[in-house]
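To start, the structure itself, in structure tokens.
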Amino acid sequence: MASSESFVGLRRADGVCGIGLRQVSGLRRPFSSSAAQISICRRSYLPPKRLEVRAGGDKFGKHFEVSTYGESHGGGVGCVISGCPPRIPLSEEDLQFELDRRRPGQSRITTPRKETDTCRILSGIYDGMTTGTSICVFVPNTDQRGHDYSEMSMAYRPSHADATYDFKYGLRAVQGGGRSSARETIGRVAAGAIAKKILKMYAGTECLHIGFAPYLHNTKYFIPGQILAYVSQVHKVVLPEGVVDNETVTLDQTESNIVRCPDQEYAQKMIEAIDDVRVKGDSVGGVVTCIARNVPRGLGCPVFDKLEADMAKAMLSLPATKGFEIGSGFAGTFLTGSEHNDEFYMDEHGNMRTRTNRSGGIQKKQQTVTRDRHETELIARGRHDPCVVPRAVPMVEAMTALVLLDQLMAQTSQCGLFPANAALQQQIVQDPNRSLITP
């Protein structure tokens, strides 16, 4: 019988074994027009494997991806945003408002470093609209004082990232802490401003026309009212539950004082607490509470990409953050299951809602250790915040917006291809005279 043979060889990338496939044709067999023979051979020689390491830590998000760059005392800082939808009206002024809220030197209770934090959009915009390509935002550093950190080139500041960077990389950017400086958050706040705008456009949230306090130059802007954060604790001064109504609190209330607490009485107490430690060269911490209104339903994915899991990562990535709570937080452990449940009810517009939402650094003279393992005494110099909490407010809002937009884009890409289940996924009408929005 006549036959013809062809041979195809396959080899694994590591060369461990080869697979040969031989096809025999022209064989006259009943019920078969061809036969295949497979041979597997194993090589005795194992080539050395190459170790590949991918550095990470500068990117956040999977769909709306943000990469921050720059260091505290370098030429500048900023971000690159990938995945922004096209045809979004955007200008540098949209970003500048949020950056002005974050910038240093706003008042006596922030770092005295003077930076205008004026941003430039270098790419991704044409004729006032996003193009769908990467957006690069740049903010120059103009008030660097590298000589303030000369003592820290050899001695580590306790509770800072100095020693950690040396242990990990074998070197570090001494001036200002490099990437560990809160100045890195400029890129987050700029990207968060874009995310806020997109969320507002999608959810139909109205803008608020607000005038601000003198320390923000009395500038007026149109701002989305969807994500709002405020200071609820400074050191031992705690804003009592119920003093601020999270359903009605507004941005102008938060921005009416330098500590960003919407209650004037407690705001003054917080300012006094910061002043007490500021004059002693010390610092205190606090708590920022963030509210997100009109959030679309269905965001988050089981089991590792839950919305609250992404929120926790986002917030704990902010400098100096040591804890995160959502809904009732740790206080929920003091309640029974029946007390903690969020009861459902129908509102006046026939929408199903829940009645509750329970589920929902200056350094003084200190002892330290130098790089060559000698004990020493260090006075950390430079310009720092006696309480960074007020400036953290726009940072928390920005990270909240980034998580919500990234999850919204994931939800739309997976569940928005076909019509929704009208019985379960209908949008919520809060006011018959307003556009459709979701809670």
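The structure displayed is predicted, hence computed values, not measured ones. Heads up: numbering here begins at 1 and tracks the sequence.
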Using a 4.5 Å cut-off on heavy atoms from C-beta on, say whether the side chain of [Y] contacts that of [X].
{"X": "Asp94", "Y": "Lys197", "answer": "yes"}
{"X": "Ile135", "Y": "Thr130", "answer": "yes"}
{"X": "Val234", "Y": "Val287", "answer": "no"}
{"X": "Pro85", "Y": "Ile198", "answer": "yes"}
{"X": "Phe60", "Y": "Val403", "answer": "yes"}
{"X": "Leu199", "Y": "Met201", "answer": "no"}
{"X": "Asp275", "Y": "Arg108", "answer": "yes"}
{"X": "Thr118", "Y": "Val139", "answer": "no"}

- Item | Phe304 CZ: over 12 foreign heavy atoms closer than 6.0 Å | no

Go through the structure and list residues passing side-chain contact (heavy atoms from CB on, under 4.5 Å) with [X], not counting sequence neighbours.
{"X": "Pro86", "answer": "none"}
{"X": "Lys313", "answer": "none"}
{"X": "Thr185", "answer": "Arg102, Arg188, Leu318, Pro319, Met395"}
{"X": "Gln264", "answer": "Ser256, Asn257"}

About how many Å separate [atom2] of [Y] and [atom1] of [X], when rounded to the nearest 0.5 Å?
{"X": "Asn246", "Y": "Leu228", "atom1": "CG", "atom2": "CG", "result": "8.5 Å"}
{"X": "Glu184", "Y": "Ser72", "atom1": "CD", "atom2": "OG", "result": "11.0 Å"}
{"X": "Leu99", "Y": "Glu92", "atom1": "CG", "atom2": "CD", "result": "10.5 Å"}
{"X": "Ile121", "Y": "Ser91", "atom1": "CD1", "atom2": "OG", "result": "6.5 Å"}
{"X": "Leu299", "Y": "Met409", "atom1": "CG", "atom2": "CE", "result": "12.5 Å"}
{"X": "Thr289", "Y": "Glu241", "atom1": "OG1", "atom2": "CD", "result": "10.0 Å"}

- Task: Evaluate the side chain to side chain contact (heavy atoms under 4.5 Å, CB included) criterion for residues Val288 and Met315: first the C-alpha distance (whole Å), next the side-chain angles of each, then the deciding distance (0.1 Å), finally the verdict.
- Result: CA-CA 10 Å; Val288 173; Met315 299 308 162; over 6 Å; no

What are the two closest heavy atoms between [X] and [Y], and how far apart are they?
{"X": "Ser180", "Y": "Ala161", "value": "CB-CB, 3.6 Å"}
{"X": "Val80", "Y": "Cys136", "value": "CG2-SG, 4.2 Å"}
{"X": "Glu65", "Y": "Gly61", "value": "CG-O, 3.8 Å"}
{"X": "Phe324", "Y": "Phe330", "value": "O-CE1, 4.5 Å"}
{"X": "Val237", "Y": "Ala273", "value": "CG2-CB, 4.1 Å"}
{"X": "Pro262", "Y": "Val249", "value": "CB-CG2, 3.8 Å"}

- Compute whether any side-chain donor of one residue and acceptor of the other, for Asp263 and Tyr230, lie under 3.5 angstrom apart. no

- Would you tell me whether Arg179 and Thr68 have side-chain atoms, one donor and one acceptor, within less than 3.5 Å of each other? yes

Taking side chain to side chain donor-acceptor pair (under 3.5 Å) as the definition, give me every residue that meets it alongside [X], ordered by chain and number, with sequence neighbours left out.
{"X": "Asp276", "answer": "none"}
{"X": "Ser67", "answer": "none"}
{"X": "Thr164", "answer": "none"}
{"X": "Thr400", "answer": "none"}

Report yes or no: does [X] contribute a side-chain atom to a donor-acceptor pair with the main-chain N or O of [Y] at less than 3.5 Å?
{"X": "Ser181", "Y": "Gly178", "answer": "no"}
{"X": "Ser123", "Y": "Ser134", "answer": "yes"}
{"X": "Ser232", "Y": "Leu239", "answer": "no"}
{"X": "His160", "Y": "Pro158", "answer": "yes"}
{"X": "Gln407", "Y": "Gly300", "answer": "yes"}
{"X": "Asp342", "Y": "Arg358", "answer": "yes"}
{"X": "Glu272", "Y": "Lys269", "answer": "no"}
{"X": "Asn357", "Y": "Gly327", "answer": "no"}

- For side chain to side chain contact (heavy atoms under 4.5 Å, CB included), just list the numbers for Ile194 and Leu95, CA-CA rounded to whole Å, side-chain angles, deciding distance to a tenth of an Å, and then say yes or no. CA-CA 7 Å; Ile194 301 175; Leu95 280 59; 3.9 Å; yes

- Message: Tell me which pairs pass salt bridge (charged side-chain N to carboxylate O under 4.0 Å, His left out) where either residue lies in residues 119-138, with sequence neighbours left out.
- Response: none

- Which pairs pass salt bridge (charged side-chain N to carboxylate O under 4.0 Å, His left out) with one or both residues in residues 394-404, sequence neighbours excluded? Arg101-Glu397, Lys196-Glu397

- Under the side chain to side chain contact (heavy atoms under 4.5 Å, CB included) criterion, do Gln96 and Asp100 qualify, and how do the steps go? CA-CA 6 Å; Gln96 196 60 55; Asp100 286 348; 3.0 Å; yes

- Query: Can you list the residues that meet the salt bridge (Lys or Arg N to Asp or Glu O under 4.0 Å) rule with Lys62, with sequence neighbours excluded?
  - Reply: Asp305

- Query: Going through the checks in order, is the side chain to side chain contact (heavy atoms under 4.5 Å, CB included) test met by Leu404 and Ile227?
  - Reply: CA-CA 10 Å; Leu404 291 178; Ile227 299 172; 4.0 Å; yes

- Item | Counterpart residues, ring pair (Phe, Tyr, Trp, His ring centres under 6.0 Å), relative to Tyr69 (two or more places apart) | none

- Show the numbers, then the answer: is there a side-chain hydrogen bond (donor to acceptor under 3.5 Å, both in side chains) between Ser413 and His63? CA-CA 10 Å; Ser413 65; His63 301 269; 4.6 Å; no

- Query: Which of these passes side chain to side chain donor-acceptor pair (under 3.5 Å) with Asn141: His73, Arg183, Glu115?
  - Reply: Arg183

